[in-house]
Student: 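The structure's right below; bear with me while I get my questions together.
Both counts, for ligands and for their atoms, begin at 1 and track the order of listing.
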Amino acid sequence: MFNNDTLKGRTALITGGGTGLGLEIATAYARLGASVMLVGRNEERVQAAAETLNRDGVKAAAAKCDVRNYDEVKAAVEGTVKQFGSLDILINNAAGNFVCPTSELSPNGFRTVIDIDLNGTFYGCHAAYPHLKASKHGGSIISIITMLGVTGWPGAAHAASAKGGILSLSRTLAVEWGGDGIRVNTISPGPIGDTEGVQRMYIDAGKGDLEAKKTALGRFGAKVDIANAAVYLASDLAGYVTGENLIVDGGRWLKYVAA
Ligand code: HXC
């Protein structure tokens, strides 16, 4: 367990913060002392999530933002700094995905996922840079990817391409911005059972048991597993960790390779 002041005095902006992994990370951060800004396409959803957090006595706010729109991302970043006084942590979590054989995937379908996942991550990093550089704690960027962006992801070429791109972007920025005191890392979740994505793409498709068996541990992870990794990477405990891809997947990618 982390100390209650692990992230005290820091401000985090979480894209796709209204539900799923984003909200889980935001909740963990807020409980450990951070102020959190939740942004997402659905304004009602992020506002409701922030209100729920505030009722628990933590500092949370929300703003509408489609990460495909640089101006909206920039406005969300500036609004965060205006409201909380700094931006110390950026979580690039917003993602879009659907299963579709590549031969049937339209160019617009491919572009849409690249726009959300890869371009949205670049926009976040770019807009946040001056504020992360000014952070008295040292800035931290954490982007949520998957090892399927490294091993390949049959049926999800758009997301595989985007996630592989985010990994390379993150390693590039880790070097470019290391001198500015900004650490840049990624987290690769495996199948997280209590998320909409796994429910829709695996469980509803009748592949739940098969996908669980593909992990070394033989089971799905939980959202809190990813939130714990995100706390570690954002905290001083990971002060010398940058350019890392923290794999939290129950040994799925390794089992693919070893089997
Ligand atoms: C084929 C599809 C499709 C599908 C959309 N398209 N869904 N093609 N099969 N199931 C095509 C459309 O036909 C269109 O192309 C293009 O994609 C854009 O679709 P829109 O619906 O206009 O886009 P938009 O409304 O912007 O929605 C974006 C979206 C949507 C990505 C398509 O699914 C979305 O908003 N998702 C957000 C939530 C989400 O996906 N969460 C998953 C994250 S979880 P044409 O050519 O017709 O114009 C995750 C991890 C998964 O990423 C973990 C493993 C399971």
Student: Heavy-atom contacts with Arg41 under 4.0 Å: which atoms of ligand 1 show up? List them by number with element.
Tutor: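 Checking each atom against Arg41, I get 26 (O), 34 (C), 35 (O), 36 (N), 37 (C).
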
Student: Does even one non-hydrogen atom of Arg111 get within less than 4.0 Å of ligand 1?
Tutor: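 No.
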
Student: If the cut-off is 4.0 Å to any non-hydrogen atom of Gly96, which atoms of ligand 1 fall inside it?
Tutor: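 What qualifies from ligand 1 is 31 (C), 39 (C), 40 (O).
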
Student: Should Asp5 and Arg10 count as an ion pair when the cut-off is N to O under 4.0 Å?
Tutor: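 Salt bridge: no.
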
Student: What atoms of ligand 1 come within less than 4.0 Å of a heavy atom belonging to Ser106?
Tutor: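 Matching atoms, with element in brackets: 15 (O), 45 (P), 46 (O).
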
Student: I need the contact type for Thr112 against ligand 1. Using non-hydrogen atoms and a strict under-4.0 Å cut-off, is it side chain, backbone, both or neither?
Tutor: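 Looking at Thr112 and ligand 1, just side chain atoms fall under 4.0 Å.
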
Student: Is the shortest side-chain heavy-atom distance between Ile203 and Phe220 below 4.5 Å?
Tutor: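 Side-chain contact under 4.5 Å: yes.
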
Student: May I ask you to check whether Arg68 has an N/O atom sitting below 3.5 Å from an N/O atom of ligand 1?
Tutor: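 There is such a contact, yes.
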
Student: Given the rule that I, L, V, M, F, W and Y join up when any side-chain heavy atoms are under 4.5 Å apart, are Tyr29 and Val39 in one cluster?
Tutor: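 Different clusters.
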
Student: Which heavy atom of the protein is the closest neighbour of atom 42 (C) of ligand 1, given with residue, atom name and distance?
Tutor: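 Protein heavy atom at minimum distance: Arg200 NH2, 3.3 Å.
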
Student: Can you tell if the side chain of Ser235 reaches within under 4.5 Å of the side chain of Leu7, non-hydrogen atoms only?
Tutor: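 With C-beta onward as the side chain, the pair touches.
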
Student: How about Glu72 and Tyr123: do any of their side-chain heavy atoms sit closer than 4.5 Å?
Tutor: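 Heavy-atom side-chain distance check fails, nothing below 4.5 Å.
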
Student: Tell me, which protein residue and heavy-atom name are nearest atom 14 (C) of ligand 1, and how many Å apart are they?
Tutor: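 Heavy-atom neighbour on the protein nearest atom 14 (C) of ligand 1: Asn108 ND2, 3.8 Å.
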
Student: Go through the side-chain N and O atoms of Asp88 and Ser86 and say whether any donor and acceptor fall under 3.5 Å apart.
Tutor: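 The answer is yes; a qualifying pair exists.
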
Student: Side-chain donor-acceptor pair under 3.5 Å between Ser143 and Asn92, yes or no?
Tutor: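 Yes, side-chain donor-acceptor contact under 3.5 Å.
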
Student: Do you know the tightest heavy-atom contact between Leu32 and Asn3?
Tutor: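 What the structure gives for the nearest pair is CD2-O, 3.2 Å.
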
Student: Would you compute the distance between atom CD1 of Ile142 and atom CD1 of Ile91 and round it to the nearest 0.5 angstrom?
Tutor: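 The CD1 atom of Ile91 is 4.0 Å from CD1 of Ile142, to the nearest 0.5 Å.
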
Student: Would Lys163 count as being in polar contact with ligand 1, using the rule that some N or O on each side must be under 3.5 angstrom apart?
Tutor: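 No.
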
Student: Should you measure from each heavy atom of Glu196, which atoms of ligand 1 turn up under 4.0 Å away?
Tutor: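 Those of ligand 1 that fall under 4.0 Å from Glu196 are 41 (N), 42 (C).
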
Student: Provide, to 0.1 Å, the distance between atom 17 (O) of ligand 1 and the closest protein heavy atom, together with that atom's residue and name.
Tutor: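 Checked against all protein heavy atoms, atom 17 (O) of ligand 1 sits closest to Gly109 CA, 3.2 Å.
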
Student: Counting only heavy atoms, which portion of Ala95 has something under 4.0 Å from ligand 1: side chain, backbone, both, or neither?
Tutor: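 It is both backbone and side chain that touch ligand 1.
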
Student: Does any part of the side chain of Glu24, heavy atoms only, come nearer than 4.5 Å to the side chain of Val224, both counted from C-beta?
Tutor: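 Side chain of Val224 against side chain of Glu24, heavy atoms only: contact under 4.5 Å found.
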
Student: Can you tell me which residue and heavy atom of the protein come closest to atom 4 (C) of ligand 1, and the distance to 0.1 Å?
Tutor: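 I find the closest protein heavy atom is Phe98 CD1, 3.2 Å.
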
Student: Among all protein heavy atoms in this structure, tell me which lies nearest to atom 53 (C) of ligand 1, with the distance rounded to 0.1 Å.
Tutor: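 For this ligand atom, the closest protein heavy atom is Trp153 CH2, 4.4 Å.
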
Student: Side chain, backbone, both or neither: which part of Gln199 comes within less than 4.0 Å of ligand 1 when only heavy atoms are counted?
Tutor: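 It is neither part, as no heavy atom is under 4.0 Å.
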
Student: Is atom 19 (O) of ligand 1 close to the protein, meaning a heavy atom under 4.0 Å from it?
Tutor: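 No, because not a single protein heavy atom sits under 4.0 Å from atom 19 (O) of ligand 1.
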
Student: Any side-chain donor paired with an acceptor under 3.5 Å for Thr186 and Asn245?
Tutor: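 Judged by distance alone, the side chains do pair up.
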
Student: Are Lys207 and Glu211 close enough for a salt bridge, meaning some N to O gap below 4.0 Å?
Tutor: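 Answer for the salt bridge query: no.
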
Student: Is the shortest distance from atom 9 (N) of ligand 1 to a protein heavy atom below 4.0 Å?
Tutor: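 Protein heavy atoms within 4.0 Å of atom 9 (N) of ligand 1 - there is at least one.
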
Student: Check if Glu211 has a non-hydrogen atom at a distance under 4.0 Å from any atom of ligand 1.
Tutor: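 Distance cut 4.0 Å: Glu211 fails for ligand 1.
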
Student: Can you report which non-hydrogen protein atom sits closest to atom 44 (S) of ligand 1, along with the distance?
Tutor: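 Minimum-distance protein heavy atom for atom 44 (S) of ligand 1 reads Gly197 CA, 4.1 Å.
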
Student: Consider every N or O of Asn97 and every N or O of ligand 1, then say whether any pair is closer than 3.5 Å.
Tutor: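 Asn97 vs ligand 1: N/O contact under 3.5 Å present.
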
Student: Any donor-acceptor pair under 3.5 Å linking the side-chain atoms of Asp180 with those of Tyr129?
Tutor: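 Result is yes, a qualifying pair exists.
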
Student: Measuring to protein heavy atoms, does anything land under 4.0 Å from atom 30 (C) of ligand 1?
Tutor: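 For atom 30 (C) of ligand 1 the answer is no, since every protein heavy atom stays at 4.0 Å or beyond.
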
